[in-house]
Every structure is written in C-alpha cells, then in structure tokens.
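Counting starts at 1 for both ligands and their atoms, following the listed order. Just so you know, these numbers come straight off a predicted model, no measurement behind them.
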Amino acid sequence: MSTLKVVSSKLAAEIDKELMGPQIGFTLQQLMELAGFSVAQAVCRQFPLKGKTEAERGKHVFVIVGPGNNGGDGLVCARHLKLFGYNPIVYYPKRSERTEFYKQLVHQLNFFKVPVLSQDEGNWLDYLKPEKTLCIVDAIFGFSYKPPMREPFKGIVEELCKLQDRIPIVSVDVPTGWDVDKGPISQPAINPAVLVSLTVPKPCSTYIREKHTAHYVGGRFIPRDFANKYGFEPFGYESTDQILKL
Ligand SMILES: NC(=O)C1=CN([C@@H]2O[C@H](COP(=O)(O)OP(=O)(O)OC[C@H]3O[C@@H](n4cnc5c(N)ncnc54)[C@H](OP(=O)(O)O)[C@@H]3O)[C@@H](O)[C@H]2O)[C@H](O)CC1
Ligand SMILES: [K+]
C-alpha cells in the first residue's frame, strides 16, 4: 500500500460541509465548477490532442453522468473539454431533480452544442468503441455511493467493465462501484486508467494498481492552514495548474 496521504469519507464530508458552511461560504456550484475544470485538465494532460491526426482529434470523450454531485462534476467537465478542443458527448440516464442548477448545466451544454443523451434516446453503446472514443469519463458515483448498485447504473457499469482494457476510463474522485474507504469490495466496479481525486485523495485511492492507473489530485480550492487543520499538507500545484500528478 502506498504512503499517500488520504482522508476518510467522514472527514471528506466534514471538509465539504465546512467549505460550504456559513463561515467560509463557498457554494456547491463554485466547487463543482473547479472540480469539473480539474477533471477536464486531467483529460488534456493524459490524452493531449497535439500531434494527433485529424481522425484521432475527432474522437469523442464519452462522459457518463450519474444522479448526484459526481455527475455534476461530469457535466462541468464536458463543457470545459469542448472549450479545450475535444469532442465530448454526455450520457445522462437519470437526471438529477435535486436543484434547478443541474438543468442549468444541461442548458449550458446545449449552448456549447455538446450532445446530452437520455436513457431512452440514442444508442449509448455505440460510443463504447475504441475507433470512436478517445476515453470515457466516469462521473457516475463518487463518495456517497452505497452498494449494491441499482439500475440503470448496474448495467452501464457492467458494460464499461467489459471494455475498460480497450478504452481508458477517467474516474472522477472515486472509481464507480468502489467503497470510498475500502476500495473495490463489491461488483460491478470500474478499474480506471486515470483517477482524479478531488480536494484530497480518499482511502480507496490506495487500492489503485499504481502501474495501471495515473493518479491526479484536483479541486484546488483550499489554503494551507485549512489543509493542516484536517491533517494533510497542501498539494504542490504548479503555476496556474488545477491538477497535480501524484
Ligand atoms: N469538495 C469536493 O471535493 C467536491 C466534490 N464534489 C463531488 O461530489 C461527489 C459526491 O457527491 P454526492 O452527491 O454526495 O454523491 P454521489 O454523486 O457520489 O452519489 C449520490 C447519488 O448516487 C445515488 N446512489 C448512491 N448509491 C447508489 C446505488 N447503490 N445505486 C444507484 N444509485 C446510487 C444516490 O441516490 P439515492 O437515491 O441513494 O440518494 C445519489 O443520487 C464527490 O465524490 C465529488 O465528485 C462536488 O462537486 C463538490 C466539491
Ligand atoms: K466516479
């Protein structure tokens, strides 16, 4: 097991609560924007378009979006990817009813002409082909996932598991299906090629196969004294980067 500094799911939830509490006053929307922006940067770093043929550049980044805030990070990420010159397409099978904000994120994707597929529209399996898709962003579940996985996500993740050795998967914060503290203890569970931990890695990140999975931290929104209060050092992000490869 690596010596990576991690915080438990309980502490991660406390960090979020304090960041969005009355004294600090971040909004969820602000943190989600920075989280999704970080994930888009990680995709660019890991799969640069520079030097690629036109056919390669035209491939899709297939962003699969879940019903909670992990999904929200995916919606934001898709918009930034479009601005970065990628060709994102979003699959959003169960739309969040939590707040109006999710609808606004979808309107923004429409504005950017990023297709958003619903469960009953279009054949999402068409995008699980290496000749069509550069990588998949797994924004299905993050730190609030509790097994067993329910449909439609169970079927979706099972399909992803079949092809994850042929199309790289970029997982947002927690690989979908993993227990945030104990890792891949139930099935189905994704084995990502890239993990982007947000704010600070969660304990499950110590279970990634280090040679197989590139690990980034993103979500650059806390000062040193706040990190120290929660028992970790801030990450050494360079310049204006929103991600750091660990
Ligand atoms: N500070 C930060 O680092 C930030 C992180 N962000 C991201 O937010 C997620 C955590 O978001 P949260 O909304 O708390 O939870 P999830 O997105 O992980 O999942 C909740 C939804 O998933 C459904 N769920 C849970 N278990 C199952 C299951 N077994 N089968 C099917 N569906 C499931 C759950 O549905 P319920 O009906 O159970 O409520 C929810 O709909 C974190 O990981 C980061 O990615 C934020 O962007 C803010 C900044
Ligand atoms: K995820």
Return yes when at least one protein heavy atom is under 4.0 Å from atom 39 (O) of ligand 1, and no when none is.
-> no
Atom 48 (C) of ligand 1 - nearest protein heavy atom and its distance = Leu28 CD1, 3.7 Å
Where the side chain of Asp138 meets the backbone of Val170, is there a donor-acceptor pair that is under 3.5 Å apart?
-> no
What angle sits at the K ion (ligand 2) between O of Val172 and OD1 of Asn70, to 10°?
-> 80°
So, does Pro148 sit close enough to ligand 1 that a heavy atom of it is under 4.0 Å from the ligand?
-> yes
CD (Glu33) and CD (Gln30) are apart, to the nearest 0.5 Å, by 10.0 Å
N, O or S of Asp138 under 3.4 Å from the K ion (ligand 2) | yes
Nearest heavy atom to atom 36 (P) of ligand 1, choosing from Gln30, Met32, Arg150, Lys17, belongs to Arg150
Going from NE2 on His80 to CZ on Phe112, what distance comes out if it is rounded to the nearest 0.5 angstrom?
-> 8.0 Å
Hey, are Asp181 and Lys202 close enough for a salt bridge, meaning a charged N less than 4.0 Å from a carboxylate O?
-> no
Nearest neighbour in protein (non-hydrogen) for atom 24 (N) of ligand 1 = Phe141 CE2, 3.7 Å
Using a 4.0 Å heavy-atom cut-off, say whether Asp16 meets ligand 1 through its side chain, its backbone, both or neither.
-> side chain
Begin with the C-alpha distance, continue with both residues' side-chain angles, and end with the deciding distance and a verdict on side chain to side chain donor-acceptor pair (under 3.5 Å) for Tyr102 and Asn69.
-> CA-CA 9 Å; Tyr102 284 90; Asn69 294 339; 2.4 Å; yes
Please check if a non-hydrogen protein atom sits closer than 4.0 Å to atom 34 (C) of ligand 1.
-> no
With Pro93, which residues qualify under side-chain contact (heavy atoms from CB on, under 4.5 Å), at least two apart?
-> Tyr91, Gln119, Pro152, Phe153, Ile156
Below 3.5 Å, can you tabulate the donor-acceptor pairs from side chains in residues 12-25 to any protein atom, sequence neighbours excluded?
residue: Glu18; atom: OE1; partner: Lys229; partner atom: NZ; Å: 2.9
residue: Glu18; atom: OE1; partner: Tyr230; partner atom: OH; Å: 2.6
residue: Glu18; atom: OE2; partner: Lys229; partner atom: NZ; Å: 2.8

What orientation do His60 and Tyr127 show, parallel under 30°, tilted 30 to 60°, or perpendicular over 60°?
-> perpendicular
Do Glu54 and Arg57 pass the salt bridge (charged side-chain N to carboxylate O under 4.0 Å, His left out) test, and can you show the C-alpha distance, the side-chain angles, and the key distance before you say yes or no?
-> CA-CA 5 Å; Glu54 210 170 307; Arg57 294 169 69 90; over 6 Å; no
So for Leu198 against ligand 1, with non-hydrogen atoms under 4.0 Å, the contacting part is both
Taking atom CG of Asn191 and atom OG of Ser171, what is their separation to the nearest 0.5 Å?
-> 9.0 Å
Under 3.5 Å between some N or O of ligand 1 and some N or O of Phe143?
-> yes
If you have a sec, work out which protein heavy atom is nearest atom 20 (C) of ligand 1 and how many Å separate them, to one decimal?
-> Arg98 NH2, 3.8 Å
Nearest neighbour of atom 26 (N) of ligand 1 from the list Lys202, Lys146, Lys154, on a heavy-atom basis = Lys146
Under 3.4 Å from the K ion (ligand 2), is there an N/O/S atom belonging to Gly66?
-> no
Within less than 3.4 Å of the K ion (ligand 2), any N, O or S from Phe141?
-> yes
For atom 8 (O) of ligand 1, the option (of Asn69, Val172, Val174) bearing the nearest heavy atom = Asn69
Quick one: nearest non-hydrogen protein atom to atom 3 (O) of ligand 1, plus distance?
-> Thr199 OG1, 2.8 Å
What protein heavy atom sits nearest atom 9 (C) of ligand 1, and how far away is it?
-> Asn70 N, 3.6 Å
Can you sort out which atoms of ligand 1 are near Met149, meaning under 4.0 Å from one of its heavy atoms?
-> 29 (N), 30 (N)
Which one of Leu31, Asp73, Leu34 has a non-hydrogen atom at the shortest distance from atom 46 (C) of ligand 1?
-> Asp73
Determine, for Asp241 against Arg220, whether the closest basic-nitrogen to carboxylate-oxygen distance falls under 4.0 angstrom.
-> no
Between the candidates Pro152, Gly71, Pro67, which shows the shortest non-hydrogen contact distance to atom 21 (C) of ligand 1?
-> Pro67
Any side-chain heavy atom of Asp179 sitting closer than 4.5 Å to one from Tyr145?
-> no
Nearest non-hydrogen contact to atom 12 (P) of ligand 1 from the set Ala35, Ser144, Pro147 belongs to Ser144
Can any side-chain N or O of Gln41 pair as donor or acceptor with the backbone N or O of Gln242 at less than 3.5 Å?
-> yes
Per-atom filter on ligand 1: closer than 4.0 angstrom to a heavy atom of Phe221 are 1 (N), 2 (C)
Quick one: which ligand 1 atoms are inside 4.0 Å of a heavy atom on Asp173?
-> 42 (C), 43 (O), 44 (C), 45 (O)
For atom 16 (P) of ligand 1, grab the closest protein heavy atom and report residue, atom and distance to one decimal in Å.
-> Gly142 N, 3.7 Å
Considering only NZ, NE, NH1 and NH2 on the basic side and carboxylate oxygens on the acidic side, decide whether Glu233 and Arg224 come within less than 4.0 Å.
-> yes
Step by step, would you call Gln46 with Tyr216 a side chain to side chain donor-acceptor pair (under 3.5 Å)?
-> CA-CA 10 Å; Gln46 197 70 23; Tyr216 293 85; 2.6 Å; yes
